Structure formats: structure tokens, C-alpha cells
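Worksheet: the structure to be examined is printed underneath.
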Amino acid sequence: MFDVLIIGGGVSGVSCALILGSAHHKPFAADKKIGILTHQKSSSLQEAVFNNAYGIPAGTLGADLLVQSVAQLATLYPHVQQIPGVKITAIEGEFPEFIITTNEGTTLHSKTVVIAIGAGNPLPISGLERFEMPHQKANPAKNRLQLRNTDHLVKPGLYVCGTLAGWRSQLAIAAGSGASVATDILTDWNNGSPVQIHDSIRPKNPTTS
């Protein structure tokens with residue numbers, strides 16, 4: 001049983017995983033089991049090149065960024081379990097136990113699920129049909145879908161982020177969407193007390209003279 005399972009290894013999914021992983025030093029997150037399915041072959045980043053994304057060197061290829069981001073996650077936060085090469089075909093259940101079926105016929109169980117796949121039509125995961133709606137910020141001619149949500153929350157324990165949450169397809173927007181979901185989950189783990197996770201060059205307990 002995972003405490004949270006992220007479905008999707010693109011920008012929003014890995015961004016969510018990085019924030020969740022970075023909170024492991026907090027008492028409310030120390031014992032949480034976090035997983036991410038990092039299947040990326042269908043990511044829109046595969047053909048992208050970035051010249052206008054904050055903090056990313058101009059000319060960075062999306063395909064390289066996909067590889068680098070999961071490597072960063074593995075190096076800095078190895079307690080986040082990466083599950084590569086597996087696709088999800090169905091989601092069932094309610095909080096606090098969702099049952100996730102894979103294309104291999106196996107099942108995973110998680111208290112909370114974050115869906116971070118693209119906004120294609122049709123969606124490849126069954127069990128979400130009643131939340132599907134036309135994408136509100138995509139060109140109608142592209143016939144994209146999103147999941148109906150309120151501030152990323154589809155229903156208790158089920159989150160969506162990135163383009164599938166109704167956001168435009170921009171790297172910075174997708175990354176922020178995933179980070180937003182992560183901080184909402186951390187806040188929930190912290191009994192509703194708001195959480196942001198920041199690293200600093202300053203000592204954690206500086207002394208004064």
C-alpha cells in the first residue's frame with residue numbers, strides 16, 4: 001500500500017514527486033511510502049526543445065530533460081519508488097484505498113493517487129469517465145480532454161495535475177501544477193497546517209553573537 005502513487009513521469013508528475021520526496025525530513029512525511037510510474041514514451045517532451053522555460057538552459061531537449069529529471073529524483077530522494085515501463089489501464093476505489101490495474105495485469109494499492117498524464121482523447125485509463133470533460137484551455141480543434149476538478153482535486157484522495165487538470169501545455173505551468181498538488185498532499189499529511197518545502201544555503205539553526 002502506497003501513501004501516494006503518481007501516475008506519469010513527465011513534467012507535472014516528476015515535479016510532484018520531487019516536492020514530496022524532499023519532505024522526508026519532516027516528521028509528518030518521514031514514514032510515507034511514495035511511488036511514481038515513470039512511463040515516458042508518450043510524453044510530449046520527447047520532441048520538445050526549450051528556449052523560454054525559467055531556469056532551464058536554452059536549447060535543452062525535452063528528451064534529455066525527461067532522463068535528467070528521473071535521475072535527479074533517484075539521486076536525491078531514493079526513497080521515492082520509481083516504477084518504469086508500466087502503464088495504468090484502470091483505477092477503482094475510493095479514499096483511502098484505490099486499486100490501480102496495470103497493463104501487465106498486476107494491481108497496485110494506494111491511499112492517494114495523482115494522475116499526471118497528458119490530455120489526449122480518449123484517455124487510456126478506465127474508471128475516470130464520469131470526470132471527463134472537454135479541455136477548457138486547449139484549441140477545440142485538438143479535441144483534448146481534462147478531468148473535472150477543484151484546485152486539482154477530482155474527489156477525495158484523487159488528484160490530477162498538468163494538462164489533464166485543465167492547464168495549458170507549458171513546461172513551467174505543468175511543473176507548478178505538480179508542485180501545487182504535492183504541497184496540498186503534504187498539508188493534508190500535516191493535519192491541515194500549510195506546508196512549503198524549501199532548501200536554503202543558510203544554516204537551519206544559525207547562532208547569533
Side-chain angles (χ1 to χ4, degrees), residues 1-21 23-24 28-43 73 77 79-135 144-167 174 177-192 195:
M1 172 71 77
F2 288 93
D3 288 284
V4 59
L5 184 64
I6 302 163
I7 300 170
V11 177
S12 64
V14 176
S15 176
C16 184
L18 286 166
I19 298 294
L20 289 173
H24 64 101
F28 58 80
D31 62 345
K32 301 300 185 184
K33 186 175 181 180
I34 304 164
I36 177 171
L37 288 98
T38 54
H39 180 81
Q40 301 172 318
K41 290 183 179 179
S42 60
S43 173
L73 179 63
Y77 312 119
H79 58 285
V80 176
Q81 183 179 341
Q82 294 192 31
I83 307 171
V86 175
K87 290 184 178 182
I88 296 305
T89 58
I91 295 176
E92 303 173 274
E94 305 288 336
F95 178 82
E97 184 173 4
F98 291 95
I99 303 169
I100 302 102
T101 304
T102 76
N103 61 330
E104 298 176 345
T106 58
T107 57
L108 302 168
H109 298 255
S110 186
K111 296 178 182 177
T112 297
V113 174
V114 179
I115 306 172
I117 63 173
N121 187 359
L123 294 182
I125 303 174
S126 67
L128 303 174
E129 292 82 3
R130 65 190 175 101
F131 304 111
E132 293 178 10
M133 62 180 289
H135 200 290
R144 304 295 191 198
L145 294 175
Q146 69 173 76
L147 296 184
R148 188 175 290 105
N149 68 91
T150 300
D151 193 17
H152 297 103
L153 187 65
V154 177
K155 65 177 183 177
L158 182 63
Y159 292 86
V160 61
C161 58
T163 57
L164 193 60
W167 297 109
S177 175
S180 180
V181 169
T183 54
D184 284 347
I185 292 170
L186 292 173
T187 296
D188 183 57
W189 290 350
N190 196 31
N191 294 318
V195 175

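Model, not experiment: these values are computed from the prediction.
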ask   = Rounded to the nearest 0.5 Å, how far apart are OG1 of Thr183 and CG of Leu20?
value = 9.0 Å

query = Between Phe28 and Trp189, what is the shortest heavy-atom contact and its length?
reply = CB-O, 3.6 Å

Glu132: salt bridge (Lys or Arg N to Asp or Glu O under 4.0 Å) partners, not counting sequence neighbours = none

inquiry  = Restricting to non-hydrogen atoms, name the atom on Ile88 and the atom on Ile125 that form the minimum distance, rounded to 0.1 Å.
reply    = O-CG1, 3.5 Å

task = Would you name the heavy atoms of Gly9 and Val14 that are closest together and state the gap between them?
result = O-CG2, 3.4 Å

request  = Would you give the length of the straight line joining atom CD of Glu92 to atom OG1 of Thr101, rounded to the nearest 0.5 angstrom?
outcome  = 5.5 Å

request  = Quick one: list whatever passes side-chain contact (heavy atoms from CB on, under 4.5 Å) with Thr106, sequence neighbours left out.
outcome  = Thr102, Glu104

request  = Working to the nearest 0.5 Å, report the span between CZ of Arg144 and CG of Leu164.
outcome  = 11.5 Å

inquiry  = Quick check for you: to the nearest 0.5 Å, what is the distance between Ile19 atom CD1 and Ser15 atom OG?
reply    = 5.5 Å

query = Nearest 0.5 Å, what's the CG-CZ distance between Leu153 and Arg148?
reply = 14.0 Å

key: Pairing residues for Lys33 by the side-chain hydrogen bond (donor to acceptor under 3.5 Å, both in side chains) criterion, not counting sequence neighbours   = none

key: Rounded distance (nearest 0.5 Å) linking atom CG of Leu37 with atom CD1 of Ile83   = 4.5 Å

inquiry  = If you compare all heavy atoms of Ser177 against all heavy atoms of Gly162, which two are closest, and at what distance to 0.1 Å?
reply    = OG-N, 2.9 Å

ask   = Side chains of Val160 and Leu128: does their closest heavy-atom pair fall under 4.5 Å?
value = no

Could you list the donor-acceptor pairs under 3.5 angstrom formed between side-chain atoms of residues 108-124 and any protein atom two or more places apart in sequence or on another chain?
{"unit_1": "His109", "atom_1": "ND1", "unit_2": "Glu97", "atom_2": "OE2", "d": "3.1"}
{"unit_1": "Ser110", "atom_1": "OG", "unit_2": "Phe2", "atom_2": "O", "d": "3.3"}
{"unit_1": "Ser110", "atom_1": "OG", "unit_2": "Leu5", "atom_2": "N", "d": "3.2"}
{"unit_1": "Ser110", "atom_1": "OG", "unit_2": "Thr112", "atom_2": "N", "d": "3.4"}
{"unit_1": "Ser110", "atom_1": "OG", "unit_2": "Thr112", "atom_2": "O", "d": "2.6"}
{"unit_1": "Lys111", "atom_1": "NZ", "unit_2": "Asp3", "atom_2": "OD1", "d": "3.4"}
{"unit_1": "Asn121", "atom_1": "ND2", "unit_2": "Asn143", "atom_2": "O", "d": "3.1"}
{"unit_1": "Asn121", "atom_1": "ND2", "unit_2": "Asn143", "atom_2": "OD1", "d": "3.4"}

ask   = Side chains of Leu158 and Leu147: does their closest heavy-atom pair fall under 4.5 Å?
value = no

note = Residues passing the side-chain hydrogen bond (donor to acceptor under 3.5 Å, both in side chains) test with Asn190, sequence neighbours excluded, are none

task = Any side-chain hydrogen bond (donor to acceptor under 3.5 Å, both in side chains) involving residues 158-167? Give me the pairs, sequence neighbours left out, ordered by first then second residue.
result = His152-Trp167

ask   = Where is the tightest heavy-atom contact between Gly127 and Glu129, given as atom of each residue plus distance?
value = N-OE1, 2.9 Å

task = Please test Asp184 against Asp188 for side-chain contact (heavy atoms from CB on, under 4.5 Å), starting from the C-alpha separation and ending with a verdict.
result = CA-CA 6 Å; Asp184 284 347; Asp188 183 57; over 6 Å; no

key: Heavy-atom pair of closest approach, residues Val80 and Ala17   = CG2-O, 4.3 Å

